[in-house]
Amino acid sequence: MSSLFLFILPFLILTAGSTLDFRYHNNHEMEQYLRQINASNPDITHLYSIGQSVRGQQLWVLALGLSPRRHIVGIPEFKYVANMHGNEVLGRVLLLQLIDDMVRGYRNNETWSLRLLNSTRIHILPTMNPDGFDVADTDCQYSQGRYNSNGVDLNRNFPDAFAGLRGQQRPDDEKREAEVRAVMGWLSTESFVLSANLHGGALVASYPYDNSNGGSELVGGASVTPDNDVFVHLAKVYSHNHASMNTGNGCAETRPFLDGVTNGYQWYPLPGGMQDYNYVWAQCLELTLELSCCKFPPATQLPGMWTENRKALLAFIQQVHLGVKGRVFDGSGEPVQNAVVEVKGRRNLCPFRTDRHGEYYRLLLPGLYTFTVSYPGHEVLTETLNIPYGPDQYSAMKHDFLLQRITLTAPSGTADHPTPTCNYSLKLEGGGATTRPTWTGLSVGLSLVAALQSLIA
């Protein structure tokens, strides 16, 4: 018995209130840290891989919540992605610190952490481009390490909705980079509601669209989505909870940004970006958060930068509870997938649809909204809802839609099919091994813990 106690003693010491030190952990150290957190907290964390980089490094994601391994109906899915550009590194540090902070808060029964993890399933991908990070230069502005090992900018490699609308390019899985295919597969597997990807080189919260084809979305130099009011609100939530972003004058190298926010296209056009892909094809509202003027800040500045961003990172997650959520049931009382749930005045390029659980989530500001719900073989349902502000209660308004079957025999071929623009995510779901993520569940032995102590202060 005494030998067993001596074996687990380092494990007990490591997990009892330890904190992560402020430095740039390499990819191997980062993986070890994620494994340790998962091993120490299997009830609230789950570590999995969504695929591999070009050079075969795993793209690790840590999920946190009451049910970290699987979705629970009514619990929204949220994600943070960092280090998409390998030389923009602050996001890696912030997300590891965020994990450490949330887990420690939960273990200490702190109200903020309990409420967040009890109401939300949070997925954190600390590095989307581990290969780029391995060769990154520590210079503040130069781009060595920005691209993946094939020399491709991952934030220009996603299918572009506007190029598709022009008919100039058709989505092609095989021409996507490995890291991009992994994220696309991830999006086809989880029904994410809200997301942000963390970058560096400026200090601003950028929101879609990033691109335009010169159509009706182009308004006053901005490429405006149907949910522009929500996107502006989300961007301001981050900028105003950040220590200085909202002043709009954070970096000498960039122009001022009113309230510390910008429409992506109005800043500069960006084809093939990840945030537009999330919104158009995965019905996930995503922001791009530029969090440091220097792409590779000196390690001595990391504690201060964590302090500047901590409140904003947590406040942004809480916004996943904005608006309304629920399920759509058919005439037999069964939840249905692919029911179209539209909001009057918000005609999305790809209509929002229920997922495999029959769920829908719509991030909306408080107010009156008219919903139209349609599903083959059923009457179109129209209802008006008065939606309150949900984040303070850590829950969006809950409302289910109950459909009625059409009594007359409907002509064949009346099923509502996705438009060609919206086929891509459906194609991806059937794409096989090249497009589906590799879900790697981890069972981590306690023997790893001793090797990890060098990672923890």
Side-chain angles (χ1 to χ4, degrees), residues 48-61 63 71 77-86 123-132 147-150 152-165 169-199 208-211 270-288 337-338 348-350 352-353 355-356 418-440:
Y48 63 93
S49 171
I50 60 170
Q52 295 182 345
S53 69
V54 170
R55 296 180 63 84
Q57 298 194 73
Q58 297 292 339
L59 302 177
W60 294 113
V61 175
H71 177 73
E77 306 282 345
F78 175 94
K79 65 180 168 70
Y80 272 133
V81 176
N83 202 209
M84 183 183 199
H85 292 144
H123 304 250
I124 294 180
L125 172 60
T127 177
M128 184 180 163
N129 187 4
D131 299 348
Y147 309 115
N148 76 344
S149 283
N150 287 336
V152 174
D153 188 330
L154 299 179
N155 207 28
R156 307 293 190 278
N157 192 239
F158 283 83
D160 189 281
F162 296 100
L165 289 173
Q169 71 177 46
R170 297 303 304 159
D172 186 346
D173 293 350
E174 301 306 320
K175 293 183 180 179
R176 304 293 161 196
E177 293 301 303
E179 299 88 351
V180 169
R181 292 200 309 270
V183 169
M184 290 166 64
W186 189 28
L187 288 170
S188 75
T189 308
E190 298 288 354
S191 299
F192 290 110
V193 179
L194 180 62
S195 172
N197 68 88
L198 280 53
H199 288 252
Y209 294 121
D210 272 334
N211 203 5
L270 190 161
M274 185 165 69
Q275 72 175 9
D276 281 7
Y277 180 83
N278 268 264
Y279 177 60
V280 173
W281 273 292
Q283 55 197 47
C284 172
L285 277 66
E286 178 170 287
L287 299 188
T288 298
Q337 183 176 7
N338 278 331
N348 299 90
L349 291 178
C350 293
F352 278 50
R353 295 172 178 270
D355 63 16
R356 64 184 180 275
T419 65
T421 306
C422 304
N423 275 341
Y424 196 63
S425 61
L426 301 180
K427 174 185 174 184
L428 186 63
E429 289 185 327
T434 59
T435 55
R436 298 288 288 185
T438 304
W439 298 103
T440 307

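Both backbone and side-chain heavy atoms feed into the values below; hydrogens, waters and symmetry mates do not. Note that the structure is predicted; figures quoted are calculated from it, not measured. Sequence positions, counted from 1, serve as the residue numbers for this chain.
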Under the criterion side chain to side chain donor-acceptor pair (under 3.5 Å), I'd like the reasoning laid out for Glu179 against Asn129: C-alpha separation, chi angles, the key distance, then a yes or no. CA-CA 7 Å; Glu179 299 88 351; Asn129 187 4; over 6 Å; no
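- To the nearest 0.5 angstrom, His71 atom NE2 is 8.5 Å from Glu190 atom CD.
- Counting heavy atoms from C-beta on, the side chains of Met128 and Met274 come closer than 4.5 Å.
- When the options Phe192, Phe78, Tyr80, Trp60 are evaluated for a ring-ring contact (aromatic ring centres under 6.0 Å, His included) with His123, the one that passes is Phe192.
- Listed for the Arg55 side chain is no donor-acceptor partner under 3.5 Å among the backbone atoms of Asn148.
- Between the side chains of Ser53 and Asp131, at least one donor-acceptor pair of N or O atoms lies under 3.5 Å.
- A heavy-atom distance below 4.5 Å is found between the side chains of Cys350 and Trp281.
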Apply side-chain contact (heavy atoms from CB on, under 4.5 Å) to residues Leu154 and His85 and explain how you reach the verdict. CA-CA 7 Å; Leu154 299 179; His85 292 144; 5.6 Å; no
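- Judged by distance alone, the side chains of Asn197 and Glu286 do bring a donor and an acceptor atom under 3.5 Å apart.
- Smallest separation of non-hydrogen atoms from Leu194 and Leu285: CD1-O, 3.2 Å.
- Rounded to the nearest 0.5 angstrom, Gln283 CD and Ser191 OG are separated by 7.0 Å.
- The heavy-atom pair separating Leu59 from Ala182 by the smallest distance is CD1-CB, 3.8 Å.
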Tell me, with the steps shown, if Leu125 and Ile50 meet side-chain contact (heavy atoms from CB on, under 4.5 Å). CA-CA 9 Å; Leu125 172 60; Ile50 60 170; 4.1 Å; yes
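- Counted by atom type alone, Asn157 and Glu177 present zero donor-acceptor pairs between their side chains at under 3.5 Å.
- Counting heavy atoms from C-beta on, the side chains of Trp186 and Val81 come closer than 4.5 Å.
- When all heavy atoms of Asn83 and Thr127 are compared, the closest pair comes out as OD1-OG1, 2.7 Å.
- Contact check for Val183 versus Phe158: side-chain heavy atoms found under the 4.5 Å cut-off.
- Across all their heavy atoms, Leu187 and Asn278 have their closest contact at CD2-OD1, 3.4 Å.
- Here the closest non-hydrogen pair linking Ser188 and Gly185 is OG-O, 2.7 Å.
- Asp153 contributes a side-chain N or O that, together with a main-chain N or O of Asn155, makes up a donor-acceptor pair within less than 3.5 Å.
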What do the steps show when you test Leu349 against Tyr279 for side-chain contact (heavy atoms from CB on, under 4.5 Å), and what is the final call? CA-CA 9 Å; Leu349 291 178; Tyr279 177 60; over 6 Å; no
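- With hydrogens and angles ignored, the 3.5 Å screen pairs no side-chain donor or acceptor of Asp210 with any backbone N or O of Asp276.
- Here the closest heavy-atom approach between residue Arg176 and residue Arg181 is recorded as O-NH1, 2.6 Å.
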